[in-house]
Amino acid sequence: MAQWRQIERDVADSLGEGTLWSARENALYWVDILAPALNRLSLDSGAVERWAMPEPLGWVAERTGGGFIGGFQSGFATISLDPLVITPIGDPEPHFPGNRMNDGKADAQGYIWCGTMDMAEEHDRGALYRLAPDH
């Protein structure tokens, strides 16, 4: 039988989404798209950490060698947290500067599938993208 544990933490996100379970860290990550920020809840200590991001961040996916790939308003980037280093990979939609990455997840082969959307939610524009493990 499954054992459930409720964890309550006072985190006031503007738009909290994009949860990611990290087995190697025993932690839950999620983004606050509008803050913008990346959050981590350690299930070992119960502590919540928060890193301010330079622009809206829609999702993160763990990298095998550590760190993350993130979907920012300006496109894909690698993210290291200690210290915070963000390295752009590329923007699939430079012709839509008002768009941002929205939801994204990695598949079993390491491809990241993600969508984009109009940040202001005024235009029906967006697309589905796939980022290969070798970028």
query = Could you walk me through whether Trp59 and Glu17 pass the side chain to side chain contact (heavy atoms under 4.5 Å, CB included) check?
reply = CA-CA 8 Å; Trp59 53 267; Glu17 292 188 7; over 6 Å; no
remark   = Closest non-hydrogen atoms of Leu57 and Ile33, given as atom of the first, atom of the second and distance, are O-CG1, 3.3 Å
key: Shared hydrophobic cluster, Val85 / Phe76 (ILVMFWY, side-chain heavy atoms < 4.5 Å)   = no
message = Any heavy-atom pair between the side chains of His123 and Phe96 that's under 4.5 Å?
response = no
query = Can you tell me if Asn39 uses its side chain to pair, donor with acceptor, with the backbone of Arg50 under 3.5 Å?
reply = no
inquiry  = For Ser14 versus Leu34, what's the shortest heavy-atom pair and its separation?
reply    = CB-CB, 3.7 Å
key: Min side-chain heavy-atom separation Ile79-Ile69 under 4.5 Å   = no
ask   = Do the side chain of Thr116 and the main chain of Ala127 share a donor and acceptor less than 3.5 angstrom apart?
value = yes
key: Spatial distance of atom CG (Asp13) from atom CG (Asp32) [nearest 0.5 Å]   = 4.0 Å
query = How close do Gly58 and Val31 get, heavy atom to heavy atom, and via which atoms?
reply = O-CG2, 3.4 Å
Side chain to side chain contact (heavy atoms under 4.5 Å, CB included) assessment of Asn99 paired with Met119 = CA-CA 5 Å; Asn99 274 15; Met119 183 79 174; over 6 Å; no
key: Gap between atom OG of Ser22 and atom CG of Leu28 - 0.5 Å precision   = 9.5 Å
For Pro54 against Pro36, the heavy-atom pair lying closest together = C-CG, 4.4 Å
message = Give me the atom names and distance for the closest heavy-atom approach of Pro88 to Ala77.
response = CA-CB, 3.8 Å
inquiry  = Using the side chain to side chain donor-acceptor pair (under 3.5 Å) criterion, which residues pair with Asn102? Sequence neighbours excluded.
reply    = Arg100
note = Residues passing the ring-ring contact (aromatic ring centres under 6.0 Å, His included) test with Phe68, sequence neighbours excluded, are Tyr29
query = What pairs with Glu62 under salt bridge (Lys or Arg N to Asp or Glu O under 4.0 Å), at least two apart in sequence or on another chain?
reply = Arg24
key: Pairs flagged by salt bridge (Lys or Arg N to Asp or Glu O under 4.0 Å) wherever residues 103-129 is involved - sequence neighbours left out   = Asp118-Arg125
note = Looking only at heavy atoms, the pair that brings Pro97 and Pro94 closest together is CD-O, 3.8 Å
message = Quick check on the hydrophobic clustering: are Met101 and Trp113 connected, directly or via other members, by side-chain heavy-atom contacts under 4.5 Å?
response = no
ask   = When clusters are formed by joining ILVMFWY residues with side-chain heavy atoms under 4.5 Å apart, either directly or through shared neighbours, do Ile86 and Trp51 land in the same one?
value = yes
ask   = What pairs with Glu49 under salt bridge (Lys or Arg N to Asp or Glu O under 4.0 Å), at least two apart in sequence or on another chain?
value = Arg40
inquiry  = Under 3.5 Å, is there a donor on one side chain and an acceptor on the other for Ser74 and Glu55?
reply    = yes
query = Linking I/L/V/M/F/W/Y whenever any side-chain heavy atoms sit under 4.5 Å apart, do Trp30 and Trp21 land together?
reply = yes
query = Other hydrophobic cluster members with Met117, side-chain heavy atoms of Ile/Leu/Val/Met/Phe/Trp/Tyr under 4.5 Å, chained?
reply = none
query = Are Phe72 and Leu38 connected, step by step, through hydrophobic side chains (Ile, Leu, Val, Met, Phe, Trp, Tyr) whose heavy atoms are closer than 4.5 Å?
reply = yes
inquiry  = Once rounded to the nearest 0.5 Å, what's the spacing between atom CG of Leu43 and atom CG of Asn26?
reply    = 5.0 Å
